[in-house]
Chemist: 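Please see the structure below; I have some questions.
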Protein chains: 2
Amino acid sequence: MSRRLTRAETKARTRALLLDAAARTFARKGYAGASVEEIAEAAGFSIGALYSNFGGKEQLFIELLTTRSSALIETAERIRADAEVEDPAKALGRLLVEVADKDTDFAPLQAEFWLYAVRNPDVMQTLAAGLREPHDQLSRLVEPVLDRVGGRATAEPGEVATIVLALFQGLVRQRRTDPASVPDELFGQALRWLFTGIAAGSER
Amino acid sequence: MSRRLTRAETKARTRALLLDAAARTFARKGYAGASVEEIAEAAGFSIGALYSNFGGKEQLFIELLTTRSSALIETAERIRADAEVEDPAKALGRLLVEVADKDTDFAPLQAEFWLYAVRNPDVMQTLAAGLREPHDQLSRLVEPVLDRVGGRATAEPGEVATIVLALFQGLVRQRRTDPASVPDELFGQALRWLFTGIAAGSER
DNA sequence: GTCTATAAACAGATAGAC
DNA sequence: GTCTATCTGTTTATAGAC
């Protein structure tokens, strides 16, 4: 079964390795701060290989920005699965700690994407589109919780999902800045307060 | 009363103009993407003037990072004043719309600060220290609200302030990405839900 | 398809004139 | 104190060998 890779397969592998290395390098050095030589080296290739697979630094970054939302989707899927057997607030709280403490490249890379999009308005809709699917998935996670607490009349699932996502991103960054100010349980606690508040609002 | 400026005063003025130009340029092009020539030009000076006032690009950026928290403090002050005559949630909601829509350089510059600090751990404590005073001020704004709803027993003002700040930053970014997903009243609404939830939590 | 060598542009920083 | 001119290293991107 193990056979020699076809030309198309090795090329796809090279591309994938370059994209991975680019993600790491852009996260660690920033878009402008990372050089194509650095990226190629991190992937174990030369500059020439990079240019034969991508149009250049900018095109490589854009491709990363366009495709890396799928990573978010996978994460959202996992959370949705976890949330079926335990408290969703707890599952999301755990995710925050993991992302903030373990996946140290995640938040910086997202920040780079956002900054690039702010500075290149054409790309902003690409970023927004990439964030839509994870957002929808979060909405579907929020929906049953809203139904359970009877807050469906007061709050739109999509808007609550936006709030949850904003809180998540803000707290991840804050935890990197000052870990002590964002204890492990803070995100989960905030979510419980939020849903309790929505539930109470519907009773008025 | 209008007299010629002393040498010390003109130098101080040059420094201030350079710092302002640096803030704008770093926000628009990023730390690595902005050139010292660009910054000097935006301030109406030459490269030489920049180097005679600052150690270099890096030192200029650090000075900006260190001193620009005072801008946050002034904003926090203003909000605190507004919050005494109207609903704090409303005052904060208005601030979010203003910052996201009018002060277009604010969020990108904060993102640049954070990214630089993530990549230069020595600077992280400087950033954290600069954020502490605005955070404390927000805590003092939150405290009376907590007292009023009777949530003082359930929630620490400092932790609630962290949540409010994270939500604020997250929503400002999200509003730049997709304005329609963050309507004007969303932040205020989220805050009301949060405080209602805290109040309800204390009654259990 | 990937590598090495190189071209051309540009960056940060310094020196000396004024 | 600020400006102009320049030095030095680095960058993106390409051309041609293998």
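Chain identifiers are assigned alphabetically (A, B, ...) following the order of the sequence lines, protein sequences preceding nucleic acid strands; residue numbering begins at 1 within each chain. Because only heavy atoms are used, hydrogens play no part in the values below, and waters and symmetry mates are left out as well, while side chains stay in.
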Chemist: For Gln174(B) and Ser181(B), which I'm curious about, is there any donor-acceptor pair between the side chains at under 3.5 Å?
Modeler: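 Side chains of Gln174(B) and Ser181(B): pair found under 3.5 Å.
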Chemist: With respect to the phosphate group of dG1(C), does any side-chain polar atom (N or O) of Thr14(A) fall under 4.0 Å of OP1 or OP2?
Modeler: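 No.
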Chemist: Specify the residues of residues 31-59 of chain B, ordered by number, for which at least one heavy atom lies under 4.0 angstrom from an atom of DNA chain C.
Modeler: Ala34(B), Ser35(B), Val36(B), Tyr51(B), Gly56(B), Lys57(B)
Chemist: Parallel, tilted or perpendicular: which one describes the rings of Phe113(A) and Phe61(A), with boundaries at 30° and 60°?
Modeler: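 Perpendicular.
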Chemist: Whole Å only: how far is the NZ atom of Lys11(B) from the P atom of dC3(D)?
Modeler: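 Lys11(B) atom NZ is separated from dC3(D) atom P by 13 Å.
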Chemist: Does a salt bridge link Asp20(B) with Arg68(B), judged by any charged N lying under 4.0 Å from a carboxylate O?
Modeler: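 Looking at Arg68(B) together with Asp20(B), the answer is yes, because their closest N to O distance falls below 4.0 Å.
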Chemist: Near Arg140(B) CZ, under 6.0 Å, is it more than 12 heavy atoms from other residues, nucleotides or ligands?
Modeler: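 Result for CZ/Arg140(B): enclosed.
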Chemist: Could you check whether Arg94(A) pairs with Asp87(A) (Lys NZ or Arg NE/NH1/NH2 to Asp/Glu carboxylate O, under 4.0 Å)?
Modeler: no
Chemist: State whether Phe26(A) and Lys57(A) meet the cation-pi test: NZ (Lys) or CZ (Arg) under 6.0 Å from the six-membered ring centroid, and within 45° of the perpendicular axis.
Modeler: no
Chemist: Wobble G-U and Watson-Crick pairs count when both distances are under 3.5 Å; given that, what is the 5' to 3' dot-bracket string of DNA chain D, with | for pairing to other strands?
Modeler: ||||||||||||||||||
Chemist: Identify, with sequence neighbours excluded, every residue that meets side-chain hydrogen bond (donor to acceptor under 3.5 Å, both in side chains) alongside Gln110(A).
Modeler: none
Chemist: Any carboxylate oxygen within less than 4.0 angstrom of a Lys/Arg side-chain nitrogen, looking at Arg152(B) and Glu143(B)?
Modeler: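 Salt bridge present between Arg152(B) and Glu143(B).
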Chemist: In whole Å, I'd like the distance from the CG atom of Leu5(A) to the P atom of dG1(C).
Modeler: 13 Å
